[in-house]
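One structure below.
Side chains are part of it too, since the values below use all heavy atoms of this structure and drop only hydrogens, waters and symmetry mates.
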Amino acid sequence: MTPDLSPMTIALKDLSLHELNARAGAPETYEADDIAVLAASIATLGLLNPLIVQKTGKTWGVLAGGRRLAALRLLAGDKTAKGWTQGTKIACRAIGDDVAAATAITVAENVTQKAMDPLDEFEAFARMMEVGGHDADSIARTFGVERRRVVERLRYGRVHPEIRADARAKKISLDAMKAFAEHPDQSVQLATYEGMRGEYLQAWTIRDKLRSRGVKLGDEIAQLVAEEYRAAGGEIAADLIEEDSILTDQDLVDRLLMKKLGDHAAEEAARLGFGWSMALRDVDYKLLQEYGRVYPGMIDPVGEDAARCEAIADRLAALDAARDAAFDDDEEQGEHIDGDALEEEYEALSDEYDDLTTGWAPEDLARAGVLAHWDRGQIATVTGLIRPEDRTDRRTDRRGEASGTAGTVGGGAADGEQDGGADTLELAESLKADLKTERAGVIGAALAADPDLAQDLLLFKTVADLLGRGGSIAYSFGVSASHGERPHGRPDGIDGRAAEAQADLFAGLDLTWWSDDASIPERFEAFRALEPLMKSRIVAVALADAIKPSDLDYGEALMCHVARQIVPDLRAVWRPTGEAFFGRLKKSVLLGILARDLHQPEEAARLASEKKTAIVDFLERLFAAPFATLTPQQREAVETWCPPGMEIPAPRARPGYPGDNRLRGTDTDEDEGEGEEDTPEEDGPAEAGDWDEEIPFETGDETQTEAEDA
């Protein structure tokens with residue numbers, strides 16, 4: 001029997017969700033994003049369907065229309081929605097006290113609901129445009145949806161009627177029909193559809209075939225040639241979304257692209273001074289294997305460039321002094337020196353100096369050229385190419401000395417090559433000192449992670465100090481230890497993994513024995529009560545901070561021996577960074593590392609015309625995560641490369657010092673020159689019993705440490 005429903009209007013404030021509503025137990029239903037869409041529709045078109053309600057005490061419970069109620073409340077709370085308040089009268093249809101009928105109504109209302117089919121949406125939107133004079137923007141405002149959604153639905157009307165009919169009949173999937181909508185030309189759609197009859201249609205295969213029938217206006221190639229394409233009268237299949245319109249004349253697009261590539265190659269060749277240029281749509285690296293390659297290196301600037309370089313050198317010298325003063329912060333002058341500003345100026349001038357002193361040799365410019373090609377959505381250039389017919393077995397480098405043959409595009413330099421003029425890696429003294437600091441941190445962190453070895457090393461070192469030198473005695477205890485100072489010019493820019501590992505180990509220590517309220521004897525007894533393993537861990541972490549920056553040269557055989565045990569693969573725990581390392585090298589040196597050491601001459605040539613900062617950024621990203629496109633040889637080079645001064649050398653004994661195993665009480669009669677600082681080069685091997693000579697352990701001699709650091 002049909003329930004009796006009485007039409008009436010009820011104030012919004014007197015409406016609430018009925019407990020019998022099928023969705024009353026799922027309030028999240030009324031918090032969905034599409035509630036705002038429904039509210040926008042009600043605000044524009046009004047409430048098209050009244051609410052079904054039943055009297056529940058002082059209010060009316062909504063049996064059917066909970067989402068509409070949520071949308072109405074949203075409008076009442078929106079100050080920008082005019083005419084909607086808690087007192088607004090809402091059209092309703094009321095049912096009596098029949099509980100069974102009320103339950104049936106709410107279930108039917110929710111169970112029988114079905115989302116609108118996208119094709120139905122398209123036809124509804126199309127009627128609004130044809131009959132109601134709407135456009136995409138007004139339809140979007142009416143339903144509170146994004147304009148893109150309306151346009152996507154309207155584009156279904158651009159699908160060929162036969163394809164759309166098959167989608168209605170479920171002969172093809174909706175996704176397949178959507179794929180055809182991506183090409184605005186219905187004749188192209190139908191030809192593609194008919195050519196695929198009998199196949200299992202998938203959206204990606206359809207899109208792949210349509211891509212060969214023109215270029216979308218939003219694609220990078222189309223954006224590059226669009227102006228010339230229109231000027232040449234090229235046809236464009238217009239789409240409702242402008243960037244999805246299609247340049248249908250593929251041949252014209254290709255011709256215009258090749259002209260763009262050729263013009264770019266010629267401009268680059270003229271700018272850099274090369275003798276020729278060429279353009280390729282795609283690079284065939286097998287073909288380019290026959291080409292040689294030259295690279296930029298150090299050049300002597302002339303004229304205005306030479307004068308500018310001289311001025312920059314003078315200013316850099318002044319900035320060096322100013323930067324030192326910035327660290328000292330001269331209080332007598334009563335002013336603070338902006339060290340960051342000085343650093344920025346120094347970096348900028350260094351980059352300019354590198355640009356002025358880096359380039360190609362005249363003989364290389366005369367025979368080399370520039371290739372422009374299309375690569376990953378942009379024009380890419382390869383500079384310094386030498387055509388096969390111009391290659392020679394020998395050539396003269398920019399210093400007038402004979403060098404090997406030019407390297408090929410596809411690989412590293414030929415045997416005996418001088419890398420085409422790229423500078424060899426020579427580090428400034430300050431950078432060498434900083435690398436020592438970084439290495440000390442890496443060794444210290446590794447030592448902290450090996451408590452047994454650390455404890456043995458500490459005991460051995462202590463015994464050696466007592467029996468071998470007899471110095472560095474602190475009061476009556478007889479043992480001294482000092483924190484290893486590790487100065488660094490760019491501490492914030494170094495690889496922080498070693499410090500993080502050491503900090504994690506420190507966080508795991510039991511330091512309850514070091515109570516501020518306890519006396520030193522009490523702390524000592526509490527320390528003695530610790531488990532042996534915890535004591536070893538404390539010793540290891542403490543000893544890690546004692547590792548000092550050093551050359552690890554003669555006299556450091558013990559540290560080399562230990563370091564190579566605990567850090568078998570330095571690059572696994574440390575990498576050079578842009579701020580602390582690469583940014584402090586000259587541009588030509590960076591290019592040399594990339595081309596020669598890392599076997600990436602193509603990238604070196606590509607980056608040769610870039611600013612130094614771009615090269616530094618590339619190297620930092622490369623070392624942080626070697627690219628998937630690297631060859632096995634290149635990947636191995638990146639994963640193992642280490643600058644001089646950072647690698648851990650094999651233990652080396654000082655010439656004439658077989659074991660340096662002298663201990664107190666082993667003096668011989670041959671202790672001439674006692675108290676003098678002997679060196680192997682000047683005085684030959686020191687005699688046994690020469691106690692003031694350096695032995696292969698840290699001595700605590702601060703004067704010696706400062707001399708080494710200098």
Side-chain angles (χ1 to χ4, degrees), residues 1-117 120-121 123-134 138-145 150:
M1 180 176 178
T2 304
D4 184 23
L5 298 173
S6 304
M8 62 189 305
T9 59
I10 303 173
L12 179 59
K13 63 182 177 62
D14 294 329
L15 294 171
S16 61
L17 196 63
H18 200 293
E19 63 179 5
L20 292 179
N21 189 293
R23 291 178 173 171
E28 65 275 5
T29 301
Y30 308 111
E31 298 173 359
D33 293 340
D34 59 353
I35 294 298
V37 176
L38 182 57
S41 176
I42 294 173
T44 305
L45 304 176
L47 185 64
L48 302 180
N49 295 312
L51 308 179
I52 307 300
V53 299
Q54 186 181 56
K55 186 67 175 179
T56 55
K58 295 182 179 181
T59 63
W60 292 85
V62 177
L63 290 165
R67 294 178 63 256
R68 278 165 279 163
L69 175 61
L72 290 167
R73 287 173 172 171
L74 183 63
L75 287 172
D78 184 357
K79 295 181 180 179
T80 63
K82 304 299 182 182
W84 298 94
T85 67
Q86 291 293 334
T88 299
K89 297 291 186 177
I90 306 301
C92 300
R93 299 177 69 189
I95 189 175
D97 296 333
D98 189 337
V99 175
T103 303
I105 286 175
T106 183
V107 171
E109 167 76 10
N110 290 285
V111 171
T112 60
Q113 283 183 1
K114 181 180 180 181
M116 182 175 281
D117 185 276
D120 293 333
E121 273 192 44
E123 292 178 351
F125 292 165
R127 284 195 298 273
M128 291 178 69
M129 294 183 73
E130 294 168 4
V131 179
H134 287 274
S138 65
I139 295 174
R141 287 194 299 271
T142 298
F143 293 99
V145 297
V150 176

Task: Non-neighbouring partners of Ala11 that pass side-chain contact (heavy atoms from CB on, under 4.5 Å), sequence neighbours left out - done: Lys13, Asp14, Lys89

Extract all donor-acceptor atom pairs below 3.5 Å that involve side chains of residues 59-66 and protein atoms in other chains or at least two apart in sequence.
unit_1 : atom_1 : unit_2 : atom_2 : d
Thr59  : OG1    : Ser16  : OG     : 3.4
Thr59  : OG1    : Thr56  : OG1    : 3.4

Task: Between CG on residue Leu72 and OG1 on residue Thr88, distance to nearest 0.5 Å - done: 8.5 Å

Open item on the list: For a 4.5 angstrom cut-off between non-hydrogen side-chain atoms, does Arg93 reach Met8?
Closed with: no

- [ ] Return yes if some donor-acceptor pair links the side-chain N/O of Arg73 with the main-chain N/O of Leu12 below 3.5 Å, else return no.
- [x] no

Task: Partners passing side-chain contact (heavy atoms from CB on, under 4.5 Å) against Leu75 (at least two apart in sequence or in another chain) - done: Ala39, Ile42, Ala43, Ala81, Trp84

Task: Where Lys79 and Lys82 come nearest, the two heavy atoms and their spacing - done: O-NZ, 4.1 Å

Task: Thr9: side chain to side chain donor-acceptor pair (under 3.5 Å) partners, not counting sequence neighbours - done: none

TODO: Nearest 0.5 Å please: distance from the CZ atom of Arg67 over to the CG atom of Leu69.
DONE: 12.0 Å

TODO: Considering non-hydrogen atoms only, spot the tightest contact between Ala76 and Gln86 and give its length.
DONE: CB-NE2, 3.9 Å

Open item on the list: So, applying side-chain contact (heavy atoms from CB on, under 4.5 Å) with Ile90, which one of Leu15, Ile10, Val53 is it?
Closed with: Leu15

Task: Donor-acceptor pair, side chain of Arg68 and main chain of Asn49, under 3.5 angstrom - done: yes

TODO: Could you pull out all residues at least two apart from Asp78 that satisfy side chain to side chain donor-acceptor pair (under 3.5 Å)?
DONE: Thr80

